[in-house]
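Please read these numbers as outputs of a predicted model, since none were measured by experiment. All values below were derived from every heavy atom in this structure, side-chain atoms included, with hydrogens, water molecules and symmetry-related copies excluded.
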Amino acid sequence: MNYQEEIEDFVIRGFNKVNSEPGYLKSFVLKNKEDNFINKPSSDFDYHRWANSLKSSQAFAHNIFSGVQNPTLIFEFHMEVFNRDAQIDVKIENELTIELFEVKAFEIIKMEEIDFAPKYFNKEEYKQADLADAFIDFLYDVKNAFAKEYNKIYGGGIKQLCSHLLGIINSLDKVEYQRKNFKLYSLCLDNNFTPRFERDLTNYKTTITKFKKLVDAFLKKNNLHLRIEYYGFLSAREYISKNKELLGQKNYDYVMNRYFS
């Protein structure tokens, strides 16, 4: 069994533990994307292109958080970046803090270069003109830090996190957020169901830990650390186990049975 087949076997077995009628189109893809979610999302839910894949991290995020009883819960939360908003998987707002979760599952096995579009290096594109130079320098620091590993890490995930960070910076002065701090988490499925996934998971965690140091330095240098914190890698298993009451018993049972048992 090759690596992709191992992953497909894992996600199919997990899905079958919580559903009596699979109904695949082919192997790990469902006929009805709604069946991939613990309950049917709201009518305005912005489904990803591959929302019907059993490997979907969007479904993973929804299945974890949809039981949260907080009216501020938003899936695919939009943050202004350039001419196209960055969307982050989950946003939960509390009295003093806005928590943002970028959720990953099986995409972390994709090894690719960190590739920023030209607009990221054009100061005229930035909403916060006073931070344009500093953020561009940060992007160069990121590229240089991983230059020797460009084909050995999930570069697309690092690029995405940089977009989210810029989106947060652009949100700081919005009236509704002026008195709130932001916390950004990289929440990742961490089930070592095969040695190869365990290796890629370790690689992703190492990459995120290295990236966090760059983010921390940038935030502190530009006096943003008092309002923005990047937590770094967050174990999904650990987070779910510690937050059963927040997530709800139904979602807790579903996620643990499907993704971790």
Side-chain angles (χ1 to χ4, degrees), residues 1 3-19 27-30 33 35-39 41 47-68 75-76 87-92 99-112 153-158 160-161 164 184-209 211-212 230-244 246-248 250-261:
M1 189 180 295
Y3 193 13
Q4 289 297 333
E5 289 171 338
E6 288 178 329
I7 294 174
E8 291 172 20
D9 179 69
F10 172 77
V11 296
I12 291 170
R13 284 189 288 108
F15 183 78
N16 285 339
K17 291 174 185 175
V18 294
N19 291 273
S27 62
F28 60 94
V29 181
L30 298 170
K33 58 180 178 287
D35 294 340
N36 208 16
F37 299 79
I38 185 173
N39 47 44
Y47 289 102
H48 287 182
R49 179 183 178 187
W50 290 104
N52 56 342
S53 166
L54 295 180
K55 298 190 292 183
S56 169
S57 58
Q58 183 186 44
F60 183 48
H62 185 273
N63 294 335
I64 293 172
F65 288 99
S66 58
V68 173
F75 292 103
E76 304 305 325
Q87 291 177 244
I88 194 160
D89 294 306
V90 180
K91 172 236 178 189
I92 301 175
E99 294 186 310
L100 301 171
F101 297 85
E102 181 59 33
V103 181
K104 295 301 179 189
F106 303 97
E107 58 267 69
I108 67 168
I109 73 171
K110 186 177 181 181
M111 304 304 160
E112 58 188 358
I153 62 170
Y154 174 41
I158 297 298
Q160 190 177 42
L161 287 167
H164 293 328
L184 174 62
Y185 302 88
S186 291
L187 188 148
C188 186
L189 172 66
D190 53 336
N191 185 332
N192 298 329
F193 62 92
T194 175
R196 282 180 279 194
F197 190 73
E198 181 178 10
R199 182 182 64 237
D200 285 338
L201 182 63
T202 298
N203 182 31
Y204 179 68
K205 185 174 182 179
T206 300
T207 300
I208 289 296
T209 301
F211 177 68
K212 173 176 164 50
Y230 175 50
Y231 185 93
F233 181 89
L234 178 60
S235 158
R237 184 193 294 271
E238 180 179 332
Y239 179 81
I240 293 163
S241 298
K242 289 183 176 180
N243 290 278
K244 183 190 299 188
L246 171 69
L247 303 176
K250 179 181 177 182
N251 289 72
Y252 174 84
D253 290 341
Y254 180 97
V255 171
M256 293 305 290
N257 286 334
R258 177 171 173 179
Y259 299 100
F260 291 102
S261 65

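Counting only heavy atoms from C-beta outward, the side chains of F260 and V255 approach each other to under 4.5 Å. Using a 4.5 Å cut-off on side-chain heavy atoms (C-beta onward), N191 and F10 make contact. Residues K205 and D190 fail the side-chain proximity criterion, which asks for heavy atoms closer than 4.5 Å. Using a 4.5 Å heavy-atom cutoff, the side chains of F233 and T206 are not in contact. I208 is listed as a side-chain neighbour of L161, based on a closest heavy-atom distance under 4.5 Å.
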One pair to check against side chain to side chain contact (heavy atoms under 4.5 Å, CB included): Y239 and L246. What are the steps and the verdict?
CA-CA 10 Å; Y239 179 81; L246 171 69; 3.5 Å; yes

Full working for side chain to side chain contact (heavy atoms under 4.5 Å, CB included) between F65 and N251:
CA-CA 7 Å; F65 288 99; N251 289 72; over 6 Å; no

Applying side chain to side chain contact (heavy atoms under 4.5 Å, CB included), run through L54 and V29 and close with a yes or a no.
CA-CA 6 Å; L54 295 180; V29 181; over 6 Å; no

Apply side chain to side chain contact (heavy atoms under 4.5 Å, CB included) to residues F101 and I88 and explain how you reach the verdict.
CA-CA 7 Å; F101 297 85; I88 194 160; 5.9 Å; no

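Using a 3.5 Å distance cut-off with no hydrogens or angles, the side chains of K33 and Q58 do not pair a donor with an acceptor. In this structure, a donor-acceptor pair under 3.5 Å is absent between the side chains of E107 and Y154.
Distance check: L234 CG to I240 CD1 gives 9.0 Å after rounding to the nearest 0.5 Å. The CZ atom of F193 sits 11.0 Å away from the CD atom of E198 when rounded to the nearest 0.5 Å. How far CZ of R258 is from CG of N16: 10.0 Å, rounded to the nearest 0.5 Å.
Across all their heavy atoms, A105 and L189 have their closest contact at CA-CB, 4.0 Å. Taking each heavy atom of Q87 and E102 in turn, the nearest pair found is O-OE1, 4.3 Å. The shortest heavy-atom contact between Y204 and S186 is OH-CB, 4.1 Å. What you find for Y47 and P41 is that their closest heavy atoms are OH-CD, 3.3 Å.
D200 places no side-chain N or O within 3.5 Å of a backbone atom of I108 that could act as its donor or acceptor partner. Between the side chain of N63 and the backbone N or O of I38, at least one donor-acceptor pair lies under 3.5 Å. The closest donor-acceptor contact from the side chain of S56 to the backbone of N52 lies at 3.5 Å or more, if one exists at all. Side chain of N36 to backbone of S53: a donor-acceptor contact under 3.5 angstrom is found. Side-chain N or O atoms of E112 include one that pairs as donor or acceptor with a backbone N or O of G156 at under 3.5 Å. In this structure a side-chain-to-backbone donor-acceptor pair under 3.5 Å is present from K17 to S261.
With sequence neighbours excluded, the residues that form a ring-ring contact (aromatic ring centres under 6.0 Å, His included) with Y230 are F211. Every residue was checked against the ring-ring contact (aromatic ring centres under 6.0 Å, His included) condition with Y3, not counting sequence neighbours, and none meets it.
If you look at F60 and F106, their ring centroids are not closer than 6.0 Å.
Ring pair F37/H62 is perpendicular by interplanar angle, where above 60° counts as perpendicular and below 30° as parallel.
Considering I64, L100, V103 as possible partners of D89, the one that fulfils the side-chain contact (heavy atoms from CB on, under 4.5 Å) test is V103.
The cationic atom of K55 (NZ for Lys, CZ for Arg) lies less than 6.0 Å from the six-membered ring centre of F28 and within 45° of the ring axis.
A salt bridge links R13 with D9: at least one charged nitrogen is closer than 4.0 Å to a carboxylate oxygen.
Heavy atoms of other residues, nucleotides or ligands lying less than 6.0 angstrom from OH of Y231 number 12 at most.
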